[in-house]
Amino acid sequence: MGHDAPMPAVAPSSADSGLPVATLTRPGWTAAHRRARLHVVSGKGGTGKTTVAAAMALALAVDGRRVLLIEVEERQAIARLFDVPPLPYEERKIAIATGGGEVRALAVDVEAALLEYFEMFYNLGFAARSLRRMGAIEFATTLAPGLRDVLLTGKAKETVTRTGHDNRPVYDAVVMDAPPTGRIVDFLDVTVAMASLARRGPIHGQADGVIRLLHSPDTMVHLVSLLEDMPVAETLEAIEHLRAADLPVGSIIVNAATGSRLPEPAAAAAGRLDADTVRDRIRALGADVGPATVTGLLQEGRDHAVRVLDEADCRRRLEGAALPMLQLPRLADGADLGGVYELAELLAEQGVHA
Amino acid sequence: MSGDRSAPPVTVSAGSPRSAVTNGLDLAALLTDRATKVVVTCGSGGVGKTTTAAALALWAADAGRKVAVLTIDPARRLAQSLGLDELDNDPRRVELPADTDTDTSGELWAMMLDSRRTFDEMVAAHSTPERAEQIYGNPFYQSISTSFSGTQEYMAMEKLGKLAGTGQYDLIVVDTPPSRSALDFLDAPQRMSAFLDGRMIRLLASPGRGVLKVVGAGLTLFTRAVTAVIGGQMLADAAKFVQLFEDMFGGFRTRAEATYQLLRRPGTSFVIVAIPEPDALREAAYFTDRLQAERMPLAGLVLNRTHPPATDLTVAATEQLQQRLATGPDGDPQDELLAGLLSVHAERATTRDAELRMRRRFQRQHPGLPVREVPALPSDAHDLEALRTVGAALAGPVPVGPTPA
């Protein structure tokens with residue numbers, strides 16, 4: 001799937017121009033990233049984490065591999081992105097990757113997951129359904145806020161560790177479209193969640209396994225950020241908290257970055273471009289433009305340059321986290337399925353592949 | 001020399017720039033109307049709701065009204081600019097730097113919601129001090145007052161009811177929590193009171209009484225299962241909480257109902273905020289349908305962060321110029337600059353096309369809904385000056401002189 005995004009993901013660094021362009025000073029994913037089997041993708045609301053998670057799943061599914069994309073927030077964002085009807089609580093094939101790999105999707109339903117447990121350990125049968133109707137499950141998950149998270153991470157762990165007839169894992173990788181940064185540490189820190197649960201019992205036993213997986217090199221948490229003040233602040237805060245909770249942070253994925261299109265953004269941002277020179281040049285090219293047209297053109301250039309400089313600032317702040325930093329451009333046409341493939345290819349160029 | 005002098009002239013004109021911005025939603029009229037008492041901004045997360053709420057409040061204060069703005073989770077720098085470094089759960093006066101054009105009789109008060117504290121205050125208002133203390137100490141109460149999904153939404157409405165009840169403000173602007181769905185806050189009070197009415201708690205805490213025959217033996221099993229999962233202590237705490245809380249239900253329900261009615265009064269207006277992206281507009285569409293279905297007073301849609309062109313250079317002319325530039329030799333700094341400017345403009349035009357497409361689609365679904373576009377600022381709004389710029393983009397210039405009484 002070709003892309004003709006004008007801004008390269010990894011811009012060639014034009015050293016002498018000193019551009020604050022989309023130059024990557026940090027490498028992309030390493031072999032350690034590619035060895036991980038559970039990729040947890042979080043980010044502040046509105047940063048595009050679902051789109052990035054989907055692109056990551058596609059990128060990892062190259063060459064005949066099988067990847068599961070898990071949604072845990074019960075909002076059917078994956079179905080909308082892939083333009084398919086709402087996903088039931090089962091693993092469904094939703095996309096074919098380059099080279100024949102496949103991406104399956106699972107929208108985890110907390111109630112169904114809890115009933116699945118109850119079915120396994122207590123034969124509730126018909127009663128389970130009526131309790132569900134009465135809102136009993138929602139009640140139980142409200143009563144023990146940690147229960148929800150334990151069920152969701154538990155389901156993810158089950159898919160990561162599941163093996164087929166040949167004793168090999170069913171999925172080469174599992175990508176989770178996780179809760180937003182504000183909730184990610186609580187969500188993954190199952191130890192804390194368990195405090196609201198009984199000390200024994202089926203869920204407790206499983207939670208131990210989840211804790212082992214989440215704190216192992218098999219798991220990587222990736223944070224999607226925009227180059228804007230609030231998302232950057234939240235990303236840095238989340239990294240700090242994830243590290244304090246001993247959860248493995250894998251990379252920062254900068255989304256919707258504006259690559260600089262101007263040779264000297266600082267001059268453009270400061271309004272130091274000369275309208276007459278630009279106008280003369282345009283007229284020399286055969287277009288008779290008035291002063292207002294040129295002023296408007298310079299205004300757009302100035303807006304762009306201010307944005308680029310602000311983004312460079314934000315990027316420097318993110319670099320303080322000393323993590324691999326991947327970068328994706330803003331999709332001018334909006335995030336649709338074609339855009340997901342485009343982003344997958346750009347992620348692959350930055351080390352996200354099998 | 002790049003560019004062929006003998007090439008035919010490029011046609012550049014496309015009418016006046018920014019002509020696509022329509023101002024159907026007259027926020028100036030809404031904010032200066034003395035009958036407007038409450039404005040609620042709503043929309044999905046990350047669309048600029050909080051900034052919009054703060055900018056509208058500041059605009060109205062500059063126009064001479066006494067305004068309180070209730071924010072939920074402002075960006076740190078925005079909070080600082082509103083003097084919200086400290087959480088005290090009550091509005092504080094914001095010092096407004098005098099602007100020559102503004103009416104200095106206005107006042108801006110700002111607060112950031114502390115849900116737990118609002119909940120505590122609500123408990124205190126409906127109970128004796130001793131009982132309130134017991135409730136605060138109950139682990140189950142601590143859990144629902146902080147983590148029940150919907151607590152924040154409920155408490156925002158509770159706080160609004162309280163602020164409106166004081167009669168101290170001409171206008172209250174309320175931001176809504178960054179919910180998973182923009183609809184959550186309308187449903188929160190009802191969900192909360194259904195949850196707190198305790199039927200399930202009673203059922204689970206004392207299944208012996210056999211409240212529901214339908215479920216019968218399954219219930220006992222279910223209780224066992226739930227107990228195995230969440231532990232007996234939590235159920236016991238919940239049961240104790242229900243006992244303590246029992247007398248308060250009536251009061252809570254009445255208040256929730258009163259707040260809901262406040263939202264439906266003619267003095268209230270909802271302003272939906274969205275950005276020109278499919279998810280945000282989908283949420284905005286759900287919200288519009290829902291508000292209209294419930295006959296809530298909906299003022300219109302603010303379409304935030306749009307990219308109207310600043311120049312009338314057409315896309316065709318831009319492409320022609322780009323082609324002529326490309327045929328010339330490389331390395332001329334003036335040409336590099338012009339090529340850059342043209343590519344900035346071309347990208348902006350593509351973005352604009354997508355925006356207009358999405359906007360038209362939305363307006364076809366919701367004909368008659370007033371829409372106001374607010375062009376993207378190159379930087380985030382962090383201070384009062386930037387908020388005034390946003391306010392002007394939302395509602396136009398602040399009227400000079402005192403507003404008519």
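Scope of the values below: all heavy atoms of this structure, side chains included, with no hydrogens, waters or symmetry mates. In what follows, chains are A, B, ... by sequence order, proteins preceding strands, each numbered from 1.
The most heavy-atom pairs under 4.5 Å with chain A, out of B/T318, B/D353, B/L341, B/V47, come from B/L341. Ranking A/L298, A/D229, A/V278 against chain B, the residue ahead of the rest is A/D229, based on heavy-atom pairs under 4.5 Å. Interface summary for chain B: among A/H304, A/E300, A/E311, the most heavy-atom pairs under 4.5 angstrom belong to A/E300. The candidate from B/I275, B/L337, B/V344, B/D237 with the greatest count of non-hydrogen atom pairs under 4.5 Å with chain A is B/V344.
The salt bridge (charged side-chain N to carboxylate O under 4.0 Å, His left out) search around B/R282 returns B/D279, not counting sequence neighbours. Applying the side chain to side chain contact (heavy atoms under 4.5 Å, CB included) test to B/Q323 and every residue at least two apart in sequence or in another chain returns nothing.
Residue A/D310 touches chain B through its side chain alone, counting heavy-atom pairs closer than 4.5 Å. Of the atoms belonging to B/H382, it is side-chain heavy atoms, and not backbone ones, that fall under 4.5 Å from chain A. At a 4.5 Å heavy-atom cutoff, the contact between A/L273 and chain B is made by side-chain atoms alone. For chain A, the nearby part of B/L338 is the side chain; its heavy atoms alone come within less than 4.5 Å.
Of the possible polar contacts, none joining the B/T311 side chain to the A/G296 backbone as a donor-acceptor pair under 3.5 Å is found. Judged by distance alone, with hydrogens and angles left aside, the side-chain atoms of A/R307 form a donor-acceptor pair with the main-chain N or O of B/P378 at under 3.5 Å.
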